[in-house]
Amino acid sequence: MLLLCYPKCSTCMKAKKHLNQLGVVFDERDISRENPTAAELEQWIVRSGLPVKKFFNTSGKLYQSLQLKDRLLQMSEAEMIELLASDGMLVKRPLLIDQDRVLVGYRAEAYEQLV
């Protein structure tokens with residue numbers, strides 16, 4: 001299992017703590033230092049069953065400064081994926097990936113179903 005997170009993010013800290021309490025073994029990747037590639041994002045988006053827009057960190061400073069709320073409406077999926085791959089801080093976190101699923105954001109009830 002792979003957890004993509006930002007170490008200073010309080011939600012990511014909650015997610016890591018919860019995974020540890022559940023005894024879930026995972027590899028951690030700092031999304032700000034090693035952002036996801038376009039190829040990874042394409043795979044994860046398909047596996048998640050979610051639209052590309054759900055992978056954006058809409059509360060992030062970068063998202064807001066780039067005024068992406070309106071700009072995304074004119075972008076293709078491929079353009080959105082390339083934009084997400086350009087900076088990990090645009091990606092909603094944490095991302096929890098295993099062979100069967102991709103969880104975007106932290107929801108305690110979804111993590112409970114991992115065990």
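Values below: all heavy atoms of this structure, side chains included; hydrogens, waters and symmetry mates excluded.
Closest of all the heavy-atom pairs between Leu66 and Arg71 is O-NH1, 3.1 Å. Heavy-atom minimum distance, Cys12 versus Arg93: SG-CG, 3.8 Å. The shortest non-hydrogen separation linking Asn35 to Gly88 is CB-N, 3.2 Å.
Hydrophobic clustering places Met89 together with Met75 (ILVMFWY residues linked when any side-chain heavy atoms are closer than 4.5 Å, directly or through intermediates). In the hydrophobic cluster analysis, where Ile, Leu, Val, Met, Phe, Trp and Tyr join through side-chain heavy atoms closer than 4.5 angstrom, Leu4 is grouped together with Ile81. The hydrophobic cluster containing Leu19 does not contain Leu2, counting ILVMFWY residues as joined when their side-chain heavy atoms lie under 4.5 angstrom apart, directly or transitively.
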Validation: residues 40-49 side-chain donor-acceptor distances under 3.5 Å, sequence neighbours left out:
{"unit_1": "Glu40", "atom_1": "OE1", "unit_2": "Arg29", "atom_2": "NH2", "d": "2.8"}
{"unit_1": "Glu40", "atom_1": "OE1", "unit_2": "Thr37", "atom_2": "N", "d": "2.9"}
{"unit_1": "Glu40", "atom_1": "OE2", "unit_2": "Arg29", "atom_2": "NH1", "d": "3.0"}
{"unit_1": "Arg47", "atom_1": "NH2", "unit_2": "Asp98", "atom_2": "O", "d": "2.0"}
{"unit_1": "Ser48", "atom_1": "OG", "unit_2": "Trp44", "atom_2": "O", "d": "3.4"}
{"unit_1": "Ser48", "atom_1": "OG", "unit_2": "Ile45", "atom_2": "O", "d": "2.8"}
{"unit_1": "Ser48", "atom_1": "OG", "unit_2": "Leu50", "atom_2": "N", "d": "3.0"}

Under 3.5 Å, side-chain donor or acceptor atoms of residues 102-115 against the rest of the protein: list the pairs with distances, not counting sequence neighbours.
{"unit_1": "Tyr106", "atom_1": "OH", "unit_2": "His18", "atom_2": "ND1", "d": "2.6"}
{"unit_1": "Glu112", "atom_1": "OE2", "unit_2": "His18", "atom_2": "NE2", "d": "2.6"}

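Looking at heavy atoms from C-beta onward, Leu96 lies in side-chain contact with Met1 at the 4.5 angstrom threshold.
How far CZ of Phe56 is from CE of Met80: 6.5 Å, rounded to the nearest 0.5 Å. Between Ile31 atom CD1 and Cys5 atom SG the span is 8.0 Å, to the nearest 0.5 Å. Leu95 contributes atom CG, which lies 5.0 Å from atom CD1 of Ile97 (distance to the nearest 0.5 angstrom). Interatomic distance, Leu83 CG to Tyr63 OH, rounded to the nearest 0.5 Å: 10.0 Å. In this structure, CG on Leu84 lies 11.0 Å from CD on Glu77, to the nearest 0.5 angstrom.
Of the possible donor and acceptor atoms, none in the side chain of Gln64 sits under 3.5 Å from a partner among the backbone N and O of Lys61. In terms of modelled atom types and a separation under 3.5 Å, the side chain of Asn57 and the main chain of Leu90 share no donor-acceptor contact.
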Next on the checklist: One pair to check against side chain to side chain contact (heavy atoms under 4.5 Å, CB included): Lys92 and Lys54. What are the steps and the verdict?
Outcome noted: CA-CA 8 Å; Lys92 185 166 181 77; Lys54 293 290 186 180; over 6 Å; no
